[in-house]
Amino acid sequence: MAVKAHALDKIVSLCKRRGFIFQSSEIYGGFGAVYDYGPLGIALKNNISQLWWRYMTQLHENIVGLDSGILMHPKIWEASGHVAEFHDPLVDCKQCKARYKADELTDKDPKSVDWSTMQCPKCGTTGKMTDPRQFNLMFKTQIGPVENEGSIAYLRPETAQGIYVNYLLVQGSQRLKVPFGIAQIGKAFRNEIVARNFIFRTREFEQLEMQYFVKPGTDDDEMKVWKKERFNFYTDGLGINKDKIRFHQHGDGELAHYAKEAWDVEYEFPFGWSEIEGIHNRKDFDIKRHQEFSGKNMQYSDQVTNEKYFPYIIETSAGLNRMLLTVLADAYWEDTENNRTVLKLHPRLAPIKAVICPLVKKDGLPELARKVVDNLKNHFKVLYDQQGSIGKRYYRQDEAGTPFGITVDHQSLEDNTVTLRHRDSQKQDRVLITGLIDKIDEAILNYS
Ligand code: ATP
């Protein structure tokens, strides 16, 4: 049974202890809502993003990749609506100084709420809430040595716009026909005011975005297809528990200015159900606006029928941090029977696939264990460990999510077999050293 009480604190401390995630600039007292990824964190993050990339660009022949710049022409953010619309309404409690995003406290349009009757969830005082103030979430920077109106640039708050402004170049160069998709993984930046829940909401984060260009009229059906695809990615791809994933549809009050229909994929985190991914029907809003603001023709031209039109766009947009937190929260398991903490990561995602341990540090066992490492390291990320008792070595790796433990013992010197231990069940098989790669591959494939 996964333990949920205070589970987030426990995950945070495991992440630090095992080298997954550290608070940024810790020796300076930390830097709000920014995190650094340690050796296991970056390995896990890479495994997740590579899986997403494979799902998108390898399993779909009509989806291709792109890597656009973080800095872009500032007019792009006028066209997209971010300069005018990308605001969070904030309210403060005058009593205890707590700050909230208005939508944390109400489902209604913040303008329609009488804030003087609102109670502060932190200190419980009523009548001390300020009216909402609008706060733009884009980070501004400056290009060149002189700071003036013309030198302003923004750190992109989403990767999507880089796809829209390039879509005809991508389409033409790859000879793509609607429907087709463009996928991108890259950093985005938001000056989040209220940042909490570990890596759930950070000021810089990677987005995994795929924009799917479709013929208007087919958009509603494509939306259904993508909802299913994305659900399967979480359950079959990342191995997340089906009961902890659900959809939430945006009602009229929640819909973004560009959206015709929007769904959040939500996960039941220790702090409650929260969004990990948005699936949006953005219509032709963005590319029409880029035509208006750039003066360039942004229509798609169908070479067969000679039709020209603005495609509709179905967007799937996820944050890599949030996916990572989902994977960690779902995998965290306190095995009280055996007094150990385990990250039950899907072996496909595990940062280290196997730890290789000589039973003792003598009798030629370390040398043979090193040979096993050399055999395996072309196929899997493996680790050699001879420190401490075998039980301790395994428990360390259980916390790191390492699915397989291999022990070289005295019998290995005689018959070239080793023990292969499975993390979740702790069962052990005796396996020929030459058969290890196949055995591990098979166990990864059949993991459930
Ligand atoms: P939220 O309502 O949580 O602020 P959003 O609706 O603004 O999110 P989108 O603009 O739709 O989010 O962004 C798409 C995805 O990008 C989100 O589902 C989330 O996974 C990720 N994301 C957005 N903001 C952040 C953030 N500050 N930190 C981490 N991930 C984020």
Side-chain angles (χ1 to χ4, degrees), residues 21 24 31-37 41 45 48-49 52 77 80-82 85-90 100-107 110 135-139 154-164 183-211 226-227 230-231 233-234 238 240 245-251 253-267 269 271-282 285-286 313-329:
I21 302 166
S24 160
F31 197 60
V34 184
Y35 290 88
D36 297 340
Y37 290 83
K45 206 153 86 135
I48 295 172
S49 63
W52 182 89
W77 305 111
S80 68
H82 282 83
E85 305 264 0
F86 198 49
H87 294 103
D88 261 354
L90 297 180
Y100 303 95
K101 280 169 74 173
D103 64 9
E104 285 187 300
L105 303 182
T106 177
D107 292 336
F135 180 83
N136 194 293
L137 297 179
M138 280 199 294
F139 281 105
Y154 299 97
L155 301 187
R156 65 180 175 197
E158 63 177 26
T159 58
Q161 299 301 325
I163 295 181
Y164 304 144
Q184 169 156 236
I185 299 177
K187 280 259 163 112
F189 302 82
R190 296 184 185 180
N191 195 0
E192 301 280 2
I193 295 308
V194 182
R196 55 175 79 110
N197 294 334
F198 194 32
I199 55 168
F200 181 80
R201 187 179 300 287
T202 52
R203 297 203 166 100
E204 65 172 275
F205 54 96
E206 272 136 322
Q207 280 191 315
L208 309 167
E209 293 201 309
M210 194 284 298
Q211 310 292 326
W226 279 104
K227 275 180 62 194
R230 297 308 301 145
F231 190 88
F233 173 78
Y234 285 101
L238 298 182
I240 305 296
I245 298 270
R246 72 176 189 195
F247 282 108
H248 160 76
Q249 183 168 23
H250 285 211
E254 285 173 285
L255 273 181
H257 60 279
Y258 51 74
K260 169 177 164 187
E261 183 184 352
W263 296 81
D264 292 340
V265 183
E266 294 186 333
Y267 178 74
F269 289 100
F271 45 86
W273 288 96
S274 307
E275 170 182 346
I276 33 178
E277 168 159 350
I279 307 175
H280 309 129
N281 181 344
R282 296 180 74 129
F285 174 85
D286 300 271
I313 294 170
I314 307 295
E315 158 183 81
T316 74
S317 172
L320 187 49
N321 301 358
R322 289 194 192 174
M323 254 186 213
L324 184 71
L325 188 58
T326 305
V327 166
L328 288 170

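We count ligands from 1, going down the list as the structure has it; atoms in each ligand are counted the same way. Predicted, not measured: the structure shown is a model, and the values here were computed from it. All values below come from the heavy atoms of this structure, side chains included, with hydrogens, waters and symmetry mates left out.
Polar contact with ligand 1: present for G319 (N/O pair, distance under 3.5 Å). Ligand 1 has a nitrogen or oxygen under 3.5 angstrom from a nitrogen or oxygen of I276.
For atom 4 (O) of ligand 1, the closest heavy atom belonging to the protein is R201 NH1, 2.7 Å. Nearest protein heavy-atom contact of atom 28 (N) of ligand 1 is T202 N, 3.0 Å. Shortest contact from atom 23 (C) of ligand 1 to any protein heavy atom: R190 NH1, 3.3 Å. Of the protein's heavy atoms, F205 CE1, 3.5 Å lies nearest to atom 22 (N) of ligand 1. For atom 19 (C) of ligand 1, the nearest non-hydrogen atom of the protein is R322 NH1, 3.5 Å. The closest protein non-hydrogen atom to atom 14 (C) of ligand 1 is S317 OG, 3.0 Å. Scanning all protein heavy atoms for the shortest distance to atom 8 (O) of ligand 1 gives E275 OE1, 3.8 Å. For atom 16 (O) of ligand 1, the nearest non-hydrogen atom of the protein is Q207 NE2, 3.3 Å.
For ligand 1, the atoms closer than 4.0 angstrom to any heavy atom of E277 are 18 (O). Here is the list of ligand 1 atoms found below 4.0 Å of a heavy atom in F200: 28 (N), 29 (C), 30 (N). Close contacts between ligand 1 and G278 involve ligand atoms 18 (O) [criterion: under 4.0 Å to a heavy atom]. Close approach to A318 involves these atoms of ligand 1, each under 4.0 Å from a residue heavy atom: 20 (O). Every atom of ligand 1 is numbered from 1 in the order shown, and the set under 4.0 Å from a heavy atom of K101 is 4 (O). Near E192, meaning under 4.0 Å from any of its heavy atoms, are these atoms of ligand 1: 24 (N), 26 (C), 27 (N).
Using cut-offs of 30° and 60° for the angle between ring planes, the F285 and Y258 rings count as tilted.
Side-chain contact between M323 and Y234: present, with at least one pair of heavy atoms (C-beta onward) separated by less than 4.5 Å.
In terms of the side chain to side chain contact (heavy atoms under 4.5 Å, CB included) criterion, residue partners of A160 (sequence neighbours excluded) are, by chain and number, E158, Y164, E209, Q211, R282, E315. Checked against side chain to side chain contact (heavy atoms under 4.5 Å, CB included), A102 has the following partners two or more places apart in sequence or in another chain: P89, P110, W115.
Rounding to the nearest 0.5 Å gives a distance of 14.0 Å between CD of E277 and CH2 of W263.
Of the possible polar contacts, one joining the R203 side chain to the E192 backbone as a donor-acceptor pair under 3.5 Å is found. With hydrogens and angles ignored, the 3.5 Å screen pairs a side-chain donor or acceptor of N136 with a backbone N or O of M138.
Of all the heavy atoms of H280, the ones lying under 4.0 Å from any atom of ligand 1 belong exclusively to the side chain.
Pairing each heavy atom of L325 with each of F198, the nearest pair is CD1-CD2, 3.8 Å.
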Could you walk me through whether V34 and T202 pass the side chain to side chain contact (heavy atoms under 4.5 Å, CB included) check? CA-CA 6 Å; V34 184; T202 52; over 6 Å; no

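Screening K187, R190, R156 against E204 for a salt bridge (Lys or Arg N to Asp or Glu O under 4.0 Å) leaves a single residue, K187.
Annotation: cation-pi geometry satisfied between R322 and F200 (NZ/CZ under 6.0 angstrom from ring centroid, within 45° of ring axis).
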